[in-house]
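The analysis underlying the following values was restricted to heavy atoms, covering all of them including side chains, and did not include hydrogens, waters or symmetry mates. What you see is a predicted model, and the numbers here were worked out from it, not measured in a lab.
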Amino acid sequence: MRAGAPLACLLAALAAVALPARPAAADEPRKEISALTARIEALPDRSRLLFDLTGLPPVTARPVANPPRIIVDLPEVLFRMEANAGLSTGDKLIKSYRYGLFAPGRSRVVIDLAGPAKILKADSEVALGGPRLVIELAPTGAAHFAATVAEQARLQRPQPPVLPPQAPKPPTDKPMVVVDPGHGGVDMGATGKHGELEKDVVLEFARALRDKIEATGHARVLLTRDHDMFLPLAERVRIARENNASLFISIHADTLSSSRVEGATVYTVSERASDAGAARTAEKENLADQSAGLESKAEAEEVGDILFELTRRETRAYSRQFSHSLISFWKEVGALNKNPRRSAGFVVLKAFDVPSVLLELGYLSSEKDLARLTSQEWRERAAQKSAEAVDAFISARSREARAPAEARSSPARPQ
């Protein structure tokens, strides 16, 4: 052995201790990962859901109950497939699956199960065709599934998505209108027979409505979401209240088994639904958080003092007033449902101090409505009339607010 060899080894060892490898994730931007295709492999005793990827993201998975689902969380992944690709699988264990953006920097896959299942594998790996995400499931007993769900809940309580704070707006006297495109991200909402998605239809309409309202110069507008991202129901309400909104409009589109039902409907909130159909619609919309894998919780009714009750009563009266106005303007551009004015216990309409309505644009299951909803010309005209209804409401509220001050400043009439 040469005399310098031990010294060289010692120096190399010291260098290794003094200069540890720099973690790439801490200093380098995360490389964008895309999901290109998805498919199911049905094996005799298990099922595999596979996504072909362009990278190897970290993966976490857990079961949730009521109904039985598997939640798979990933860093942000760009899904380059049709959003409704997993709606019907024909698999004996995986009933359906959906995917999308869950929060900034976070994506989620939600698997609806045909029965209790256990997770055999949930990881990203390199296969012959390149990187892929593998979720491998096998049937299990109801007791084992429930025990696993309970253990997961004990170890780690899922947190709702944390959204970035919104940039402060310059001070202005103009009232704020919050427009809420329903659903988004992993929550697709209703689907049309040709692949149309509610979350896309309502976002396009919300953007058009924002532009039309802002063009009046009488109000500011804030969209609860301006891209394809999931947003919990409570967060939508919080955005309206924290921005001191003068009006909150939640935009939706529905689908029914019957293709003959068509036309727009305007809903307001009420403890007792106006009819059975309104009750079913509210029940379905109130489960939107569950579609994204959040726990479905019963909303506790707010209880307050006499001032709270008076404010809520006045707010609901204003909501009904705007509902009437919106329907009147809407008659000029689109078909109305045979019962266009309804009410039910919609969670997203429960801000006690913000007049709120839910505008159901129409039904994706109706060919007539679908033609309207996917027409840019119709969307522009409908958004214009909706903006005119908003402007009329805002103007009336402004006049009401000025009236007491003008009365106080007017000289007393001679007797």
To check you understand the geometry: which heavy-atom pair defines the closest contact between [X] and [Y], and what is its length?
X    : Y    : result
A117 : L137 : CB-CB, 4.4 Å
V266 : S323 : CG1-OG, 3.5 Å
Q321 : A396 : NE2-CB, 4.5 Å
E125 : V134 : OE2-CG2, 3.5 Å

- Query: So V237 and K350, side-chain contact (heavy atoms from CB on, under 4.5 Å) or not? Walk me through it.
  - Reply: CA-CA 8 Å; V237 177; K350 287 192 174 182; 5.8 Å; no
Ion pair check, [X] and [Y], cut-off under 4.0 Å:
X    : Y    : result
D187 : K199 : no
R69  : D112 : no
R381 : E332 : no
R316 : E271 : yes
E32  : R80  : yes

Enumerate, atom names and distances included, each donor-acceptor pair closer than 3.5 Å involving a side-chain atom of residues 175-182, sequence neighbours excluded.
| residue | atom | partner | partner atom | Å |
| --- | --- | --- | --- | --- |
| D180 | OD1 | T224 | OG1 | 2.6 |
| D180 | OD1 | R236 | NH1 | 2.6 |
| D180 | OD2 | S250 | OG | 2.7 |

- Item | No-hydrogen, no-angle side-chain donor-acceptor test under 3.5 Å, T265 and R342 | no
Neighbour count above 12 (heavy atom, 6.0 Å) for R280 CZ:
no
Point to revise | E82 CD: over 12 foreign heavy atoms closer than 6.0 Å | key: no
Determine yes or no for a side-chain-to-main-chain donor-acceptor pair under 3.5 angstrom, with R241 supplying the side chain and V354 the backbone.
no
Check whether S375 reaches the backbone of A371 with its side chain - one donor and one acceptor, N or O, closer than 3.5 Å. no
